[in-house]
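Down below is the structure, laid out as structure tokens.
Remember, it's a predicted structure, so these values are computed and weren't measured experimentally.
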Amino acid sequence: MSIAWLRAIGDRPRSALESRHLSDAESAQARQLPLLPKRRSEWLAGRLALKHGVCAYQRRHFGTGTDTRDVHISAVTDGLRAGKPQVEFPVEVGLSHSVDFAVAVCGPRAVGIDVERIRRMPPMLTELLMPTPGAAKNTESVGVRAMPPSLRWACKEAVLKHFGFGLRVDPQEVELTDWRPDGRFSWRAGPALRRRVPAGDGTRFDSWAREVDGYSVALVWR
């Protein structure tokens with residue numbers, strides 16, 4: 001969903017979109033959000049992306065027509081997974097946004113997605129992309145060493161989002177070990193992440209990442 005488009009269309013068309021796709025409760029929530037116009041557009045774009053993702057999934061896999069107003073989005077309220085989006089359907093969803101776009105995914109099991117505008121990474125973030133001090137030597141392949149920093153970051157965050165943690169867990173707990181020409185990447189969980197999710201073995205997951213039109217995009221699913 002284009003955040004840039006939502007910012008540009010003006011208040012009246014944006015209000016019409018909200019009336020068409022948000023439930024009454026969501027519209028009331030939107031009015032109460034103490035957000036700057038920029039953040040409000042990001043919030044709306046994320047909601048629309050999630051709603052359309054769930055509707056598309058229901059239509060493709062079950063042949064059912066679901067109205068976007070009937071897709072109610074909430075978030076986990078506490079713990080390490082606080083803020084993780086969820087819906088009142090038997091599906092799992094994921095959401096990410098960066099600069100001009102919000103991207104959502106939907107599936108039968110947990111899924112993680114991250115999108116990052118390709119940019120020069122600040123030194124603090126670059127440091128978080130390096131292998132942990134206790135990581136085994138030479139665990140990174142030639143492919144991983146060739147990955148742009150923003151793509152590395154997207155991969156790590158997509159893994160953490162898959163588990164619902166996001167950046168509440170240190171990104172260094174995700175050790176990237178390979179990245180192939182077709183976009184598939186592999187990873188292993190660091191000791192702290194394994195303690196939280198004993199089944200967090202990267203070999204059990206499908207993981208994909210590429211650069212697309214100025215953005216780094218990563219997906220992790222099972």
Within this structure, what is the SG-CG distance for the pair C155 and L160, rounded to the nearest 0.5 Å? 11.5 Å
Look up atom CD1 in I3 and atom OG in S41, then write down how far apart they are to the nearest 0.5 Å. 8.0 Å
Does [X] reach the main-chain N or O of [Y] with its side chain, forming a donor-acceptor pair under 3.5 Å?
X	Y	answer
R109	W221	no
S150	R119	no
R194	A189	yes
R168	A82	yes
K84	G164	no
E173	A192	yes

What's the shortest heavy-atom distance between Q58 and V91, and which atoms? OE1-CG1, 4.1 Å
Pairing of R69 and D24 as salt bridge, 4.0 angstrom limit: yes
Output yes when R7 and D100 qualify as a salt bridge under the 4.0 Å nitrogen-oxygen rule, no when they do not. yes
Side-chain heavy atoms under 4.5 angstrom apart, residues restricted to Ile, Leu, Val, Met, Phe, Trp, Tyr: same cluster for [X] and [Y]?
X	Y	result
W208	F163	no
V197	L219	no
V99	I113	yes
F165	V220	yes

State, yes or no, whether a side-chain contact exists between [X] and [Y] at a heavy-atom distance under 4.5 Å.
X	Y	answer
R152	V144	yes
Q86	R81	no
V217	V103	no
S96	E157	no
W153	S216	no
F185	L151	no
L6	M1	yes
L50	V87	no

With side chain to side chain contact (heavy atoms under 4.5 Å, CB included) as the criterion, how do V54 and T66 come out once you've worked through the C-alpha distance, each side chain's angles and the decisive distance to 0.1 Å? CA-CA 8 Å; V54 173; T66 303; 5.6 Å; no
Under 30°, 30 to 60°, or over 60°: which ring-plane class applies to W187 and F205, parallel, tilted or perpendicular? tilted
The criterion is side chain to side chain contact (heavy atoms under 4.5 Å, CB included); which residues satisfy it with K51, sequence neighbours excluded? L22, E26, T68, V71, I73
Counting only heavy atoms not in [X], do more than 12 fall under 6.0 Å of its [atom1]?
X	atom1	value
R20	CZ	no
D182	CG	yes
R196	CZ	no

Summary of ring-ring contact (aromatic ring centres under 6.0 Å, His included) pairs that have at least one residue in residues 13-33, sequence neighbours excluded: H21-H52
Pairs meeting criterion ring-ring contact (aromatic ring centres under 6.0 Å, His included) with involvement of residues 75-124, two or more places apart: F101-Y215
Compute whether any side-chain donor of one residue and acceptor of the other, for S141 and D178, lie under 3.5 angstrom apart. yes
